[in-house]
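One structure below.
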Amino acid sequence: FFSLIDVWYIICSLFGFLRKRRLKMENFIKQNKAYFLIALLLIVISILALVTYYSTRIITIKTVEGHQQRIVSEAAKTVELWLSQHLRIVQATAEAVQQIPIGNNPDTLRFLQMAMMAGNFSDVYIGLKDGTMIDGANWTPPEGYDPRIRPWYKTAVQANQIAFTTPYVDMTTNKYVIAIVKPLVVADAFVGVISSDIILDTLKQNVMNVKIGISGYSFIIDSQGTVLIHPDESLLMTTKIQEADPSLESVLTHFDAAELGSYSYRYQGEEKILSYHKLTNSDWYLCTTVLKEEAHELAKNTALLFAMD
């Protein structure tokens, strides 16, 4: 067994060793204090740089999306104004013909022809519930033609109010048209449907000519993604946008979440941004699409203009 002197010696030696280690550590810290501070400073700077990068990136994305959404909103206002003007013409014409005997007579035809001129419609016509066809453009239906089975007639009956049809091929012009349709009611009884045709080319020329950078363009789809109006006419009514481009598969989810928004996607190896705005009183969405690089450039140029002002 150790004597008390041995134990005391061991304890003193241990304390001496620990004291020397502490002194060495203190000296090391004093000698390398500057390095510790520099390392700490570098860590803080790195964290701040990372936060700044992500904050700037988020701000940039929001700025670009906001700019594109302003473009699509202005385009949507133009389309809505143009369509509402035509709606009012059809509404007024319907109210007028409901006040006279409706038939293939001069008074009815005069109202239809006046509407054609006022709205630049390709045709304005009436289908009566007995199958009679009254055409403002003096078009003679082929043998066996029944207006009651045509898309425009069915749409009006189903909607039971003024409405738009989806695009269909018009038998008069053999071109894609959309029709503004309205049920005709006389003495609280349904008597037929009035319809007016707008050739899609007219709509595209007047309100769908939005220029977005170099590659950008606008188009209209419905809530299911069906292409209604598009620069590529081969897509009309035959293609859903999410099927034509799988990277747009979840875009309809965005439609459900908000009536105005943006969606980033990749098409043929290029980053693009799609912005959309739901058109009032319809399930149609006006969309714009442009290369993301161009969208950034457009937003930057706009910001510079505001800064100069």
Side-chain angles (χ1 to χ4, degrees), residues 78-186 189-209 220 228-230 233 236-237 281-282 284:
T78 302
V79 173
E80 289 171 345
L81 177 62
W82 193 85
L83 291 175
S84 67
Q85 291 172 343
H86 289 71
L87 279 170
R88 286 196 293 270
I89 292 171
V90 174
Q91 179 71 42
T93 305
E95 291 173 357
V97 297
Q98 287 170 162
Q99 304 304 315
I100 63 171
I102 303 174
N104 273 305
N105 56 62
D107 288 338
T108 302
L109 291 172
R110 182 167 59 251
F111 280 122
L112 299 183
Q113 289 161 358
M114 288 172 60
M116 286 179 63
M117 290 186 291
N120 194 29
F121 296 113
S122 62
D123 199 359
V124 180
Y125 44 91
I126 293 172
L128 297 179
K129 68 176 184 178
D130 65 2
T132 300
M133 182 70 180
I134 308 164
D135 193 277
N138 295 318
W139 174 68
T140 302
E143 186 73 24
Y145 179 86
D146 188 344
R148 295 168 295 184
I149 64 174
R150 295 295 294 163
W152 53 270
Y153 193 100
K154 290 181 177 180
T155 298
V157 172
Q158 183 177 6
N160 197 31
Q161 63 179 355
I162 195 164
F164 292 100
T165 67
T166 54
Y168 66 94
V169 177
D170 175 44
M171 292 187 67
T172 307
T173 61
N174 287 320
K175 293 183 177 181
Y176 270 109
V177 300
I178 59 171
I180 302 174
V181 297
K182 186 182 185 304
L184 295 174
V185 178
V186 176
F190 172 77
V191 297
V193 171
I194 184 170
S195 178
S196 57
D197 289 344
I198 302 172
I199 297 176
L200 286 190
D201 289 343
T202 304
L203 180 58
K204 286 194 292 185
Q205 290 166 7
N206 283 275
V207 296
M208 296 295 292
N209 55 355
I220 293 178
L228 305 180
I229 300 174
H230 196 281
E233 291 195 2
L236 300 184
M237 300 305 298
N281 299 323
S282 74
W284 295 3

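No hydrogens, no waters, no symmetry mates; every other heavy atom, side chains included, goes into these values.
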Minimum heavy-atom distance between [X] and [Y], given as atom pair plus value:
{"X": "Val191", "Y": "Val185", "answer": "CG2-N, 4.4 Å"}
{"X": "Ile149", "Y": "Lys154", "answer": "O-CE, 3.5 Å"}
{"X": "Ala115", "Y": "Phe121", "answer": "O-CD1, 3.3 Å"}
{"X": "Asp197", "Y": "Asp170", "answer": "OD2-OD1, 3.4 Å"}
{"X": "Pro183", "Y": "Gln98", "answer": "O-OE1, 3.9 Å"}
{"X": "Pro147", "Y": "Gly131", "answer": "CD-O, 3.3 Å"}

ask   = Do the side-chain N and O atoms of Tyr153 and Asp146 include a donor-acceptor pair separated by under 3.5 angstrom?
value = no
message = Between Gln91 and Glu95, is there a side-chain donor-acceptor contact under 3.5 Å, judged purely by atom types and distance?
response = yes
Less than 4.5 Å apart, any side-chain heavy atom of [X] and any of [Y]?
{"X": "Thr108", "Y": "Ile126", "answer": "yes"}
{"X": "Arg150", "Y": "Met171", "answer": "yes"}
{"X": "Glu233", "Y": "Asp201", "answer": "yes"}
{"X": "Trp152", "Y": "Ile180", "answer": "no"}
{"X": "Ile134", "Y": "Leu128", "answer": "yes"}
{"X": "Leu200", "Y": "Val177", "answer": "no"}
{"X": "Leu228", "Y": "Leu236", "answer": "no"}
{"X": "Val181", "Y": "Ile194", "answer": "no"}

message = When you measure from the side chain of Thr202 to the backbone of Ile198, do you find a donor-acceptor pair of N or O atoms at a distance under 3.5 Å?
response = no
message = Check whether Asn160 reaches the backbone of Ala156 with its side chain - one donor and one acceptor, N or O, closer than 3.5 Å.
response = no
Quick one: [atom1] on [X] to [atom2] on [Y], what's the gap to the nearest 0.5 Å?
{"X": "Arg148", "Y": "Thr132", "atom1": "CZ", "atom2": "OG1", "answer": "8.5 Å"}
{"X": "Ile162", "Y": "Thr155", "atom1": "CD1", "atom2": "OG1", "answer": "13.0 Å"}
{"X": "Leu87", "Y": "Gln85", "atom1": "CG", "atom2": "CD", "answer": "10.0 Å"}
{"X": "Ile178", "Y": "Ser196", "atom1": "CD1", "atom2": "OG", "answer": "9.0 Å"}
{"X": "Asp135", "Y": "Thr172", "atom1": "CG", "atom2": "OG1", "answer": "5.5 Å"}
{"X": "Asp107", "Y": "Leu112", "atom1": "CG", "atom2": "CG", "answer": "11.0 Å"}

inquiry  = Could you walk me through whether Met237 and Thr166 satisfy the side chain to side chain contact (heavy atoms under 4.5 Å, CB included) test, starting with their C-alpha distance in whole Å, then the side-chain angles of each, then the deciding distance to 0.1 Å, before giving a yes or no?
reply    = CA-CA 8 Å; Met237 300 305 298; Thr166 54; 3.9 Å; yes
query = For the residue pair Trp284 and Phe164, is the inter-centroid distance of their aromatic rings smaller than 6.0 Å?
reply = yes
key: Crowding at CE, Met114 (>12 non-hydrogen neighbours, <6.0 Å)   = no
